[in-house]
There are 2 protein chains.
Amino acid sequence: MPERSTTGEPAPGRRMRPDVRRSLDALLTAAAEVFETEGVDAPVRRITAKAGVGAGTLYRHFPQRSDLITAVFRNEVDACAAAAPALAAQYEPVEALERWLHRFTRFIAAKQGLKAALHSGDCAYESLPGYFQERFVPALTRLLDTAAATGGIRSDVTPDDLLQALSSIIDPDGPEYTRRMIGLLVDGLRYRA
Amino acid sequence: MPERSTTGEPAPGRRMRPDVRRSLDALLTAAAEVFETEGVDAPVRRITAKAGVGAGTLYRHFPQRSDLITAVFRNEVDACAAAAPALAAQYEPVEALERWLHRFTRFIAAKQGLKAALHSGDCAYESLPGYFQERFVPALTRLLDTAAATGGIRSDVTPDDLLQALSSIIDPDGPEYTRRMIGLLVDGLRYRA
DNA sequence: GCAAAAACGGAACAGCGTTCCGTATTCTCG
DNA sequence: CGAGAATACGGAACGCTGTTCCGTTTTTGC
């Protein structure tokens with residue numbers, strides 16, 4: 001028995017067939033766009049249409065709707081986490097940190113539609129908060145450490161605190177507000193340089 | 001202009017046409033049963049079938065699904081609140097209180113399906129918590145007062161505290177647990193008799 | 001009783017998730 | 001490199017959903 005995959009990404013055993021790779025990518029990017037504009041309850045057909053893919057293809061890769069949502073979420077978590085080292089290589093430590101914080105808040109803001117699903121009691125989403133932490137804490141830790149090592153910021157703030165604080169900042173409408181708040185936060189970090 | 005009713009119950013102006021009365025009652029009791037067994041997302045047709053009523057009839061009285069849910073909820077709140085004076089007339093004060101508390105927890109337990117709707121952000125349900133308080137606080141107040149007046153229980157517990165405590169007791173599965181907890185609670189009330 | 005008004009039932013429509021299978025692509029091995 | 005098997009694809013088809021609409025029935029006011 002070929003062992004139901006249900007995940008879509010890792011491909012542990014053999015290499016992935018190119019057509020599978022193509023339709024999987026198309027589905028994930030299409031779903032990401034649709035979820036962002038119409039929410040995670042958007043019609044399936046809208047996603048398959050945008051991906052240029054048949055309905056059967058979607059259901060073979062993601063038997064449950066939650067599988068697709070989870071996969072998209074993890075994809076975007078990865079992308080956001082991957083931005084940290086990239087920024088670290090391009091900017092000086094404190095600016096890299098600040099830029100990443102903005103990147104992170106954009107990510108959180110776009111994922112507001114997920115909150116309802118997360119709290120819906122559906123156990124299919126139980127793993128998401130764990131993945132969230134698992135990926136973002138190391139990414140942010142490196143940024144904080146190098147910024148602290150060069151004396152740019154104080155060193156007594158934990159990544160968890162910062163992530164928590166950001167998540168609760170994004171609510172009030174207007175990205176301008178968020179922008180100012182992050183500025184304030186970074187200034188606060190600089191205070192004991 | 002006949003002024004959209006959307007409520008279904010009060011009938012402020014003229015008396016209600018008998019056929020309206022009939023289909024309204026049938027709809028409300030049918031919806032109550034269906035909501036209890038299948039949750040508030042149950043198919044509309046199941047309700048109209050059980051009520052022996054056409055779809056058009058439902059939509060004329062309850063243009064939005066939330067209207068029907070709200071009406072059923074208020075109906076059952078009323079029924080539960082009305083049980084208080086009835087029990088007070090039939091039993092001695094402390095026993096009446098205890099019996100009503102059980103009645104109340106059964107009500108809460110049956111309404112678990114509503115929690116998701118309440119927290120869904122849909123502003124159609126904003127009035128429900130208010131109605132909940134408005135009806136239950138007076139009902140419970142009378143029970144507590146008369147029980148306290150006859151010296152059966154202490155008099156330093158507010159209705160709000162009690163309602164709050166009960167709402168948080170019902171969760172753990174098994175009505176037996178809830179039963180014991182209420183016994184404990186009433187014993188606690190008796191303590192300073 | 002008899003029009004006029006109001007409410008009823010249920011067929012009809014559009015949109016949804018999901019399944020199924022004939023067809024096309026890819027892999028494997030001689 | 002080519003043939004056969006294995007795998008994945010597309011999209012038509014199904015059943016169920018919410019909602020609207022209108023011909024028919026019930027109720028009212030005179």
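Just so we're on the same page: letters track the sequence lines, and every chain starts at 1. These numbers were taken from a predicted model, which means no experiment stands behind them.
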Polar atoms only, N or O, under 3.5 Å: list the protein pairs with nucleotides 23-25 of chain C and their distances.
{"from": "C/dT25", "atom 1": "O2", "to": "A/R17", "atom 2": "NH2", "distance (Å)": "3.2"}

- [ ] Please list all pairs passing the salt bridge (charged side-chain N to carboxylate O under 4.0 Å, His left out) test where one or both residues lie in residues 37-53 of chain B, with sequence neighbours left out.
- [x] B/E33-B/K50, B/E38-B/R46
TODO: Using whole Å, report how far CG of A/D25 lies from P of D/dA8.
DONE: 15 Å
Task: Nearest-angstrom distance from the residue atom CD of B/Q64 to C1' of D/dG18 - done: 12 Å
- [ ] State whether A/R22 and A/D19 are salt-bridged, where the test is any N-O pair (Lys NZ or Arg NE/NH1/NH2 against Asp/Glu carboxylate O) under 4.0 Å.
- [x] no
Open item on the list: From CZ of A/R60 over to P of D/dT7, roughly how many Å is that when rounded to an integer?
Closed with: 12 Å
TODO: With the side chain of B/Y59 defined as its heavy atoms from C-beta on, choose the nearest nucleotide among D/dT19, C/dT19, C/dC27.
DONE: D/dT19
Task: Under the side chain to side chain contact (heavy atoms under 4.5 Å, CB included) test, residues paired with B/A26 that sit two or more places apart - done: B/A51
Task: Whole-Å gap separating C1' (C/dT18) and CZ (A/F62) - done: 16 Å
Task: Side-chain N,O (B/H61) to OP1/OP2 (C/dA7) below 4.0 Å - done: no
- [ ] Verify the neighbour count for atom CD of B/E36: are there more than 12 heavy atoms of other residues, nucleotides or ligands below 6.0 Å?
- [x] no
- [ ] Scan residues 82-97 of chain A for pairs that pass salt bridge (charged side-chain N to carboxylate O under 4.0 Å, His left out), counting only residues two or more places apart or in two chains.
- [x] A/E95-A/R99
Open item on the list: Nearest whole Å is fine: how far is D/dT27 P from B/L24 CG?
Closed with: 15 Å
- [ ] List in chain and number order the residues that pass side chain to side chain donor-acceptor pair (under 3.5 Å) with B/E98, two or more places apart in sequence or in another chain; answer none if no residue qualifies.
- [x] none
- [ ] Mind checking side chain to side chain contact (heavy atoms under 4.5 Å, CB included) for A/T158 and listing every partner two or more places apart, or none if nothing turns up?
- [x] A/D160, A/D161
- [ ] Please report, rounded to the nearest Å, how far the C1' atom of D/dT7 is from the CZ atom of A/R21.
- [x] 17 Å
TODO: Under 4.0 Å from any atom of DNA chain D, heavy atoms only: list the residues of residues 29-42 of chain B that qualify, in numerical order.
DONE: B/A42
Open item on the list: Whole angstroms only, please: what is the CZ-P distance between B/R15 and D/dT28?
Closed with: 7 Å
Open item on the list: A/A124: which residues meet the side chain to side chain contact (heavy atoms under 4.5 Å, CB included) condition with it, sequence neighbours left out?
Closed with: A/S66, A/D122
Task: Selection: residues 44-57 of chain B, any non-hydrogen atom under 4.0 Å of DNA chain C - done: B/R45, B/G52, B/V53, B/G54, B/A55, B/G56, B/T57
- [ ] For B/L185, enumerate each residue passing the side chain to side chain contact (heavy atoms under 4.5 Å, CB included) test, keeping only those at least two apart in sequence or located in another chain.
- [x] B/L162, B/L166, B/I169
Open item on the list: Per the side-chain hydrogen bond (donor to acceptor under 3.5 Å, both in side chains) rule, what does the pair list look like for residues 79-90 of chain B, sequence neighbours excluded?
Closed with: none
Task: Pair listing, salt bridge (charged side-chain N to carboxylate O under 4.0 Å, His left out) test, anchored in residues 130-149 of chain A, at least two apart - done: A/D78-A/R135
